[in-house]
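Inspection log for the structure reproduced underneath, given as structure tokens.
Read the numbers this way: they start at 1 and go in the same order the structure lists the ligands and their atoms. Numbers here simply count residues along the sequence, with the first being 1. Quick note: numbers below take in every heavy atom, side chains included, and nothing from hydrogens, waters or symmetry partners.
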Amino acid sequence: MEGIVVQKYGGSSVADAERIRRVARRVVATHQTGRPVVVVVSAMGDTTDHLIELARQISPSPPKREMDMLLSTGEQVSIALLAMAIQEEGAEAISLTGAQVGIRTDSQHMRARIQEVRTERILHELSQGRIVIVAGFQGIDDLNDITTLGRGGSDTTAVALAAALKAERCEIYTDVDGVYTADPRVVPEARRLEWVAYGEMLELASLGAVVLQPRAVEYAAQHGVVLWVRSSFVEGPGTVVREVSPMEHARVVVGVTHDRNVAKVVVVDVPDRPGVAHQLFNALAQEEINVDMIVQTTKAQQATDLLFTVTRDDLPRAKQIVEAVARDLGATAVQEDPSVAKVSIVGAGMMSHPGVAARMFGALAEGGINIHVISTSEIKISCLIDEERVEEAVRRVHQAFRLDQLDSEEAPAPQEATS
Ligand code: ADP
Ligand code: ASP
Ligand code: MG
């Protein structure tokens, strides 16, 4: 089918009845241009957070299968209400759950990955002139059990549908009018990016810019789906996330991000011999705990300290595992610190520009902000710092790279043609 438009509306865009009606009007306006429209919606407002909190009141570690059963209800509410609102506007609409569409995933509850998207049902409904409303964030596994795709997963549902339907457009509507050089809630002078490359967006998202789920960006890159991030509240050009050719101007730094879901663990005085790191990190890997930054410092007397970070959510489990291994190895102590955060800069041009790291460290030093750990890749630099300084750090780094002026570089030439 030609010209399909996929639109995704996040939780704040459908937070109450009035907003749902507003989304309905917007969807109907697109449909009236003659295009087939598929809409993906998230749960209303903070519904998912509330459901998680409710589960915690029942059990400190609820079974993941039951969490998925619970969390998927949020999206089921919003698809039904949006379908009703669209029908009130005089257009035809039908709501479908992930299972009804045939969004097949693996069985990793709460972080399932999409394996296949069936399109027959959607195409049939579209051919009848209906607007199709799909529940974001959910799918179904081989046992027909409901799965969810991890926080922010409705973005991935939208991208997967756009890819499977070979949609002409995939629009992500949210409460900001695009991807910014930093979280605009933290840095008021942050600038909207006209465009951003998949690789940069993947780093930004993975390092804390929640505006897109990292998996959605990865999926879009793999399937060549161009994403258009826009505001559901105001009209505007938004940000386009796409492939960028090496010929295009690579910006040194496109953004600063921060992530508070980080905790530091230090294993003190582990013996300095082969196999130690393997034993420790293997034990964590077996329990599917992701380790991010790692530093080993050599001390006297053949002992070293091993410092690493995990997400704060994983800290209790990580601690248990590490303490057992530390006893085995004869380490003197295991220290934990959940009050840290990570501040990062991202940009495809940094690999060819010397001095970028020094500038970032200089900005932190000027504020007297101590760096615990540093990690780098070709297109990003991350520093672990105290959580209480993180917003200040983001503002200082943003300022140091003059990101408040970034789009003057990329703006079209001033109106020469018309003057
Ligand atoms: P939705 O409910 O629509 O999925 P999210 O809350 O998941 O919305 O994502 C939008 C939020 O992402 C914004 O409100 C903003 O505070 C935050 N954000 C963090 N970093 C950035 C960034 N670099 N650019 C834009 N928004 C960002
Ligand atoms: N409702 C889910 C969440 O809050 C999915 C999403 O919003 O994308 O994470
Ligand atoms: Mg989101």
Side-chain angles (χ1 to χ4, degrees), residues 7-15 19 23 39-53 67-68 70-79 98 110-112 134-139 147-160 171-196 200-217 227 229-234 236 238-239 241 253-261 342-347 390-391 394 397-398 403 406-407:
Q7 297 187 331
K8 178 257 170 176
Y9 292 89
S12 51
S13 307
V14 293
R19 289 187 184 187
V23 168
V39 183
V40 174
V41 260
S42 295
M44 294 170 68
D46 298 332
T47 303
T48 309
D49 292 331
H50 291 148
L51 292 171
I52 291 172
E53 176 48 33
M67 281 304 286
D68 279 352
L70 178 70
L71 297 187
S72 63
T73 62
E75 272 69 13
Q76 201 168 328
V77 171
S78 47
I79 53 171
M110 297 184 76
R111 54 183 183 122
V134 179
F137 172 61
Q138 56 177 258
T147 53
T148 64
L149 310 177
R151 297 308 304 270
S154 299
D155 298 333
T156 303
T157 304
V159 174
E171 304 172 340
I172 307 288
Y173 286 95
T174 181
D175 59 359
V176 271
D177 65 345
V179 179
Y180 275 67
T181 51
D183 185 340
R185 290 178 209 250
V186 173
V187 185
E189 61 278 11
R191 301 299 284 256
R192 179 179 52 80
L193 298 163
E194 298 283 329
W195 55 269
V196 57
E200 290 169 326
M201 190 64 235
L202 182 58
E203 289 287 2
L204 290 171
S206 309
L207 295 167
V210 294
V211 62
L212 286 172
Q213 194 195 35
R215 180 71 192 124
V217 182
L227 300 180
V229 181
R230 306 176 71 189
S231 163
S232 65
F233 301 98
V234 292
T239 298
V241 186
V253 174
V254 288
V256 188
T257 62
H258 64 287
D259 187 356
R260 289 190 165 87
N261 188 12
K342 194 164 69 168
V343 50
S344 311
I345 54 173
V346 173
V390 71
E391 296 200 353
V394 171
V397 174
H398 194 270
L403 293 178
L406 187 73
D407 66 356

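Here the side chain of S13 pairs no donor or acceptor atom with the backbone of Y9 at under 3.5 angstrom. Here the side chain of T239 pairs a donor or acceptor atom with the backbone of V179 at under 3.5 angstrom. Not a single donor-acceptor pair under 3.5 Å links the side chain of T181 to the backbone N or O of A190. Between the D175 side chain and the S12 main chain, no donor and acceptor come within less than 3.5 Å of each other. In terms of modelled atom types and a separation under 3.5 Å, the side chain of E391 and the main chain of V186 share no donor-acceptor contact.
Interface atoms of ligand 1 facing V179, defined by a heavy-atom separation under 4.0 Å, are 24 (N).
For T48, a nitrogen or oxygen atom sits less than 3.5 Å from a nitrogen or oxygen atom of ligand 2, counting backbone and side chain alike. Here's the thing with G152: one of its N/O atoms is less than 3.5 angstrom from an N/O atom of ligand 2.
Judged by distance alone, the side chains of Q7 and E171 do bring a donor and an acceptor atom under 3.5 Å apart. With hydrogens and angles left out, the side-chain atoms of Y173 and R230 include a donor and acceptor closer than 3.5 Å. Looking only at atom types and distance, the side chain of T147 has no donor-acceptor partner in the side chain of D68 under 3.5 Å away. A donor atom on one side chain and an acceptor atom on the other are found under 3.5 Å apart for Q213 and T156.
Not a single heavy atom of Q213 sits less than 4.0 Å from an atom of ligand 2. Residue G153 places a heavy atom less than 4.0 Å from ligand 2. Within the structure, ligand 1 lacks Q213 among the residues with a heavy atom less than 4.0 angstrom away. At least one heavy atom of G178 sits closer than 4.0 Å to an atom of ligand 1.
With a 4.0 Å heavy-atom cut-off, ligand 1 is reached by no atom of R191. Residue A182 touches ligand 1 through its backbone alone, judged by heavy-atom distances below 4.0 Å. Contacts between V176 and ligand 1 below 4.0 angstrom, taking non-hydrogen atoms only, involve the side chain exclusively.
In terms of protein heavy-atom proximity, atom 2 (O) of ligand 1 is nearest to G11 N, 3.2 Å. Looking from atom 7 (O) of ligand 2 to the surrounding protein, the closest heavy atom is S42 OG, 3.1 Å. Annotation: atom 4 (O) of ligand 1 to nearest protein heavy atom, K8 NZ, 3.0 Å. Residue, atom and distance of the protein heavy atom nearest to atom 12 (O) of ligand 1 are V210 CG2, 3.3 Å. In this structure, atom 8 (O) of ligand 1 lies nearest to the protein heavy atom T174 OG1, 3.1 Å. With respect to atom 15 (C) of ligand 1, the closest heavy atom belonging to the protein is D183 OD1, 3.5 Å. Distance from atom 13 (C) of ligand 1 to its nearest protein heavy atom, with residue and atom name: D175 OD1, 3.4 Å. The nearest heavy-atom contact from the protein to atom 14 (O) of ligand 1 is R185 NH2, 2.5 Å. If you check which protein heavy atom lies closest to atom 24 (N) of ligand 1, you get Y180 N, 2.9 Å.
Here OG1 of T47 is found 8.0 Å from CD of E75. Values are rounded to the nearest 0.5 Å. Note that NZ of K8 is 11.5 Å distant from CZ of F137, once rounded to the nearest 0.5 Å.
You'll find the side chain of L149 stays beyond 4.5 Å of the side chain of Q138, heavy atoms only.
The option from Q138, E75, R151 that lies nearest to atom 1 (N) of ligand 2, judged by heavy atoms, is E75.
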